[in-house]
Every structure is written in structure tokens, then in C-alpha cells.
Amino acid sequence: MIFVDGLPFSLKSSSSSSSSSKSQPSDLLVALMEHQVLVSATHSFKSIQERKVSASMDSKLITSSNSSRYVYLFQREYATVDPSLVHYVGTDEATTCVGVVIRNRKNGMTSVSHMDSPKIVDIGFSQMLALVVDHNLDADLDVHLVGAFKDVSPNHASGRSISQGKRDGYSIPLCRKIVETMQKRPEKFHVKTLCVLRHNTKYDSQGNALPIFNGLLVETSSGTLIPASFDKTSRCPDEIVRRLRVSSSHEDPSWQGKLLDTYDTKTDRFIIAPCSWTKHLVQIVLSLQSLSDSEILASCSTSPLAEGPEFVDNERRLWNYLIKNPDWITTFPMRQPRVFERTGDGCWKRAGFSSQGQGT
């Protein structure tokens, strides 16, 4: 069930403030987007300066007692963190994806995911909530949604109506599925931030729509939400392998409809389960190698004009890894997970290895 400003939210309760045509179907997402409390909260969020995170961490992210401990999430991943072990959790590189934050007000347990498809929302919420609610369905859960800019033409979706059908793009179906899933579940979701779609859209000089924010950072002790971006050194550990799991999971039925689980909440370790990739995927990569940068954007992105400057380089590095390691068993010997433990300075070290961070 969705709550806004402490009150249960429904289309009936919002209908008096809606000026949509009677011929238009009711839409929970539209009603939430127009709720004045959430509009105000989004404006406040957008006024916060974006935090740029590097491996050494911004000085403002260092705690008084020790180096700041944070958890970073890639596309389709999620993590539930204990505030006594982790100070910050975040994600970025979202264009048509949504960063979802769920935090238990009572104990501070915080789950963050980088959702990229309506198909993973239902099971994804169950995964995220498993350690957050702890069987207490009456727990008050604060929710923040950031990402998913307006990736459809203004002719297809106006500022007040969200169209149905094939011209919805990628962002609208995902956002709609997320809010509908929250509304039908028994837990109490207090929506605090809804910085998505038109609320997260700006335009360049050519009139192309772009996201205002691509990422977020949550301070686990307070629940404070900060717009954020991460540089290449801070997207760790095991960057390439974790990116590769996103691609290979589409061919692995065991991950169908699920978010990718990489972080162990109780031990504060990354445990990256084995994933396999097929010769077919390697052949696809070989065929893509010769593409130009613009062709890579057009072929591999849901929003070519909105991607960051690192997108093409990330794709090429991923492909190079696949070509050098066509057999997945070399990455996961004896089908064992890749485990990373936190060092005293808050960085990551491969368990049983002396090298830090990337694990490539």
C-alpha cells in the first residue's frame, strides 16, 4: 500500500485535484506525479548539489571514526545494507532505469536496487524486502525513486498524460509497474521522492531530452538521499565481471525475473555467484567489435543520446574481457563465487588474492 504525507494514497483520494479529461483512463503513476507533496519533495531533491564519488571518497563522505564504507550497485543489482556496517549505498548510470530505495524507519535497514525492466519488479521487490521488513508487515518503509527520464516524444506523452501502447518508451512502463507493485503489496510504502519522468528531464540545445540525475547515494544512518555520480574507480569491486553478469543473465533461466544478488548483508562482503555465458554471446560481441562509437550507442543503448561519456568505453572493455575469456569457467573456477572482503580503509580485496578492487 502506498502512503503519501502519512496518508494512504489512492486514485479516489487524488481525483478531486486531477484536471485530466474524463476520457483518459485513471493512472496511479500520473496521480502520484501530480501530488503536490511529492512535487515539492522532488523540487527540494533537485536543489541538492550532485555528489561526485571517487574511490578515495569525497571528504564529506568520511565519518569521524573511520573511512566511509559504501556499497555500489550496477544495473539490475540490488543490495540490502545494515547501517551499523555500511555508511552509504548508491548507484548511477541510470537513464531509462530507476534507482529504488526502501528504508525501514525503525532500524535503518536499507535496500537499494537499479531496476531496468518491468519484468523484474515483482520478484525484485520481494528480494529487496526480505531483510528490510523482517516479517513485520506493519513496518513503515520510506521509498525514493530516482531516474527514468522522459524518453518519449512530447507528441506521444504530454506533461499531464502518460500514453499507453508501443510508444511508451522504456521509462514509463517501468515506473508504472513499480508504483502498481507497491500499491498492491501489503507493506506500508511511504513515497518520499519521485524524481522520475518529466520531473527528471532536461533538454539540450538541440531539444533532446536528457536525465537531470543518473544516480543517487543514501546515507544509511539518517536515510538522507543525495544525487550522485560515481567515477570509474568507485564502481567496484569486480566491475567487469558484474557488468558481464547483466548481459549473461538474459540467457540464464535461473535469473529470469530477478534482480542480481551480489552483496551479503550480514558479513559485509560481495559474493558474486557464478554465471555462465554462451558461445552465442561471444559471437555477438565479435560481430559488434567493428562498430563505430555512434553505432555502438544506437545498437546497445535504450537511450543513445542520453548516455554518459563512458558508455562506449565500458562496452568495449566488457567485450574485450569476453573475447579473452570465452569460457566462463575461467572466471568462476570450479563454479565457485568470487568473494571480496572489505579492507581497513573501506576498499575491497579479493578473498585469497592480494590485488584490490576490480578482480579482472
Side-chain angles (χ1 to χ4, degrees), residues 29 33 42 45-46 50-53 72-78 90-101 112-121 124 144-154 156-157 162-163 166-179 193-217 225-232 234-235 239 242-243 245-247 249-250 259-260 291 293-318:
L29 177 59
M33 292 281 293
T42 298
F45 176 72
K46 288 159 70 171
E50 183 181 75
R51 186 70 51 82
K52 299 185 184 300
V53 183
Y72 177 82
L73 300 168
F74 288 97
Q75 180 179 342
R76 194 167 281 215
E77 291 186 342
Y78 87 101
T91 187
D92 71 342
E93 298 187 315
T95 54
T96 57
C97 299
V98 177
V100 180
V101 179
V112 176
S113 69
H114 186 128
M115 292 194 174
D116 63 353
S117 167
K119 296 178 181 179
I120 50 90
V121 172
H144 306 273
L145 305 179
V146 178
F149 76 113
K150 188 176 173 182
D151 65 327
V152 290
S153 165
H156 295 163
I162 296 177
S163 64
K166 296 181 179 179
R167 297 180 295 182
D168 273 355
Y170 294 91
S171 295
I172 291 173
L174 176 57
C175 291
R176 179 180 286 121
K177 179 63 175 177
I178 289 172
V179 299
T193 307
L194 193 61
C195 189
V196 298
L197 303 175
R198 60 186 171 86
H199 294 318
N200 189 41
T201 302
K202 61 184 178 181
Y203 296 89
D204 64 16
S205 57
Q206 285 75 47
N208 298 310
L210 304 171
I212 298 173
F213 298 120
N214 297 88
L216 59 87
L217 193 70
L225 186 72
I226 308 166
S229 62
F230 296 73
D231 69 12
K232 188 182 298 183
S234 63
R235 298 183 185 122
E239 177 205 357
R242 288 166 67 189
R243 288 188 187 276
R245 290 210 318 161
V246 178
S247 300
S249 66
H250 292 288
L259 291 166
L260 298 173
L291 296 180
D293 288 1
S294 60
E295 289 172 330
I296 290 174
L297 282 166
S299 302
C300 304
S301 172
T302 58
S303 51
L305 298 176
E307 295 293 354
E310 296 178 334
F311 180 85
V312 172
D313 178 61
N314 290 337
E315 290 295 292
R316 291 193 187 280
R317 290 190 298 116
L318 181 63

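Just so you know, these numbers come straight off a predicted model, no measurement behind them.
For the pair Val98 and Ile178, the minimum side-chain heavy-atom distance is below 4.5 Å. Using a 4.5 Å cut-off on side-chain heavy atoms (C-beta onward), Ser229 and Arg51 make no contact. With a 4.5 Å cut-off on side-chain heavy atoms, Thr91 and Phe74 do not count as touching. Leu210 places none of its side-chain heavy atoms less than 4.5 Å from the side chain of Tyr203. Inter-residue side-chain proximity for Phe311 and Cys300 is flagged as met; some heavy-atom pair is nearer than 4.5 Å. In this structure, Ile226 and Phe45 have side chains that are not in contact, with every pair of non-hydrogen atoms separated by 4.5 Å or more.
Glu239 pairs with exactly one of Arg243, Arg242, Arg235 by the side chain to side chain donor-acceptor pair (under 3.5 Å) rule, that one being Arg243. Among Leu225, Asp92, Val196, the one residue that satisfies the side chain to side chain contact (heavy atoms under 4.5 Å, CB included) test with Val146 is Leu225.
Within a 6.0 Å sphere centred on NZ of Lys119, heavy atoms belonging to other residues, nucleotides or ligands number 12 at most.
Considering CZ of Arg198 and CZ of Phe149, their distance stands at 16.0 Å, rounded to 0.5 Å. How far CG of Leu216 is from SG of Cys195: 10.0 Å, rounded to the nearest 0.5 Å. Considering CD1 of Ile120 and CE of Met115, their distance stands at 5.0 Å, rounded to 0.5 Å.
Of the possible donor and acceptor atoms, none in the side chain of Ser171 sits under 3.5 Å from a partner among the backbone N and O of Lys150. Using a distance-only test at 3.5 Å, with no hydrogens or angles considered, a donor-acceptor pair links the side chain of Asn200 to the main chain of Phe213.
Between Lys52 and Glu50, at least one side-chain nitrogen of the basic residue sits less than 4.0 Å from a carboxylate oxygen of the acidic one, meeting the salt-bridge criterion.
Shortest non-hydrogen contact noted between Leu174 and Thr96 is CD2-O, 3.6 Å. Heavy-atom minimum distance, Pro211 versus Lys202: O-CE, 3.4 Å.
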Using the rule given for side-chain hydrogen bond (donor to acceptor under 3.5 Å, both in side chains), can you reason through Asn214 versus Glu93, listing the C-alpha separation, both sets of side-chain angles and the distance that settles it, and then say yes or no? CA-CA 5 Å; Asn214 297 88; Glu93 298 187 315; over 6 Å; no
